[in-house]
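Have a look at the structure below before the remarks.
Just follow the structure's listing: the first ligand is 1, and inside any ligand the first atom is 1.
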Amino acid sequence: MPDEVWNRLAVALDVPDRRSALELVDRLDGACRWLKVGMELYYAAGNDLIETLRGRGYRIFLDLKLHDIPNTVAGAVRSVTGTGAELLTVHASGGPAMLRAAAEAARAEGAPRLLAVTVLTSMDAAELHAAGVQGTPAEQVLRLAKLATSSGIDGMVCSPQEVAAVRSATGPETILVVPGVRPEGSAVDDQKRVATPAETITRGASMLVVGRPITRASDPAKAARAILEEIGQAL
Ligand code: C5P
């Protein structure tokens, strides 16, 4: 399979500790190249685990969704620089000063590339309004995507529902990472705005994040390979 296909899928390691992460990685058996490590696992297992996973040949997407004052976020970017993690998330709603400080810290050698989280997929219009944001989630996603781009952030995370609009607003170079992906016939779980791997790629996604359809499959390696094949056919 060409690199172009391998680099389009990240498997979400949504497990609580190092042991469960390594068990899952054993079952994946090299059937994906990218692993996404989120807060749950990172707070428990830290940079040691990142090093172990890198040693096994995986590329790491660190989904820490940083959101704090500019100085603190820049410091956090520096703290993960040198771990070998290649992608790191920050919240676009942290605002332009925070995004610029993060982007500046990410210019150092060995720093990850940054992705901005726009609107959490768990938020609908009512949740946004309760948090003081007028307008629809789609409008807010586009506003934040433009803000992130103009603040020097390399890419963003958005749902399959917005990926086409974000792609046309931000251009071909922006990295668009999309969770909420479900192969035909698999359980939707708690995701609300889902699309198949092929649809998501066709709408302009750079990389798909897939968790449960792979990690809870009876054969995770087989499930990952099937998604990679579908991606390959859609490209
Ligand atoms: O199991 P599932 O495929 O739904 O996992 C999707 C992954 O993407 C999870 O790790 C989830 O935290 C993450 N994610 C998401 N929606 C976002 C950002 C990240 O589902 N907006």
Residue from Ile231, Val209, Ile201, Thr200 passing side chain to side chain contact (heavy atoms under 4.5 Å, CB included) with Val181: Thr200
Need the ligand 1 atom indices (1-based, order shown) with element for anything under 4.0 Å from a heavy-atom of [X].
| X | value |
| --- | --- |
| Gly211 | 1 (O), 2 (P), 3 (O), 5 (O) |
| Arg182 | 1 (O), 2 (P), 3 (O), 4 (O) |
| Arg212 | 1 (O), 2 (P), 3 (O), 4 (O) |
| Val209 | 7 (C), 8 (O) |
| Pro213 | 3 (O) |
| Val210 | 3 (O) |

N/O to N/O below 3.5 Å, does that happen between [X] and ligand 1?
| X | value |
| --- | --- |
| Asp190 | no |
| Asp63 | no |
| Leu120 | no |

Ligand 1-proximal atoms of Asp14, by part, heavy-atom distance under 4.0 Å: side chain
Structural part of Ser122 in contact with ligand 1, heavy atom criterion under 4.0 angstrom: neither
Shortest non-hydrogen separation from Glu162 to Ala138 and the atoms involved: CG-CA, 4.5 Å
Close approach of Lys65 to ligand 1, heavy atoms, under 4.0 angstrom: yes
CD/Gln134: more than 12 non-hydrogen atoms of other groups inside 6.0 Å: yes
Side-chain donor-acceptor pair present, Asp63, Tyr42, cut-off under 3.5 Å: no
Arg18 and Thr52: side chain donor to acceptor below 3.5 Å: yes
Verify same cluster id: Val194, Leu9 (apolar side-chain graph, 4.5 Å): no
What pairs of donor and acceptor atoms, side-chain ones from residues 102-119 against any protein atom, are under 3.5 angstrom apart with sequence neighbours left out?
| from | atom 1 | to | atom 2 | distance (Å) |
| --- | --- | --- | --- | --- |
| Glu104 | OE1 | Arg107 | NH2 | 2.5 |
| Thr118 | OG1 | Val157 | O | 3.1 |

Arg19 with Glu23: basic N within carboxylate O range, under 4.0 Å: yes
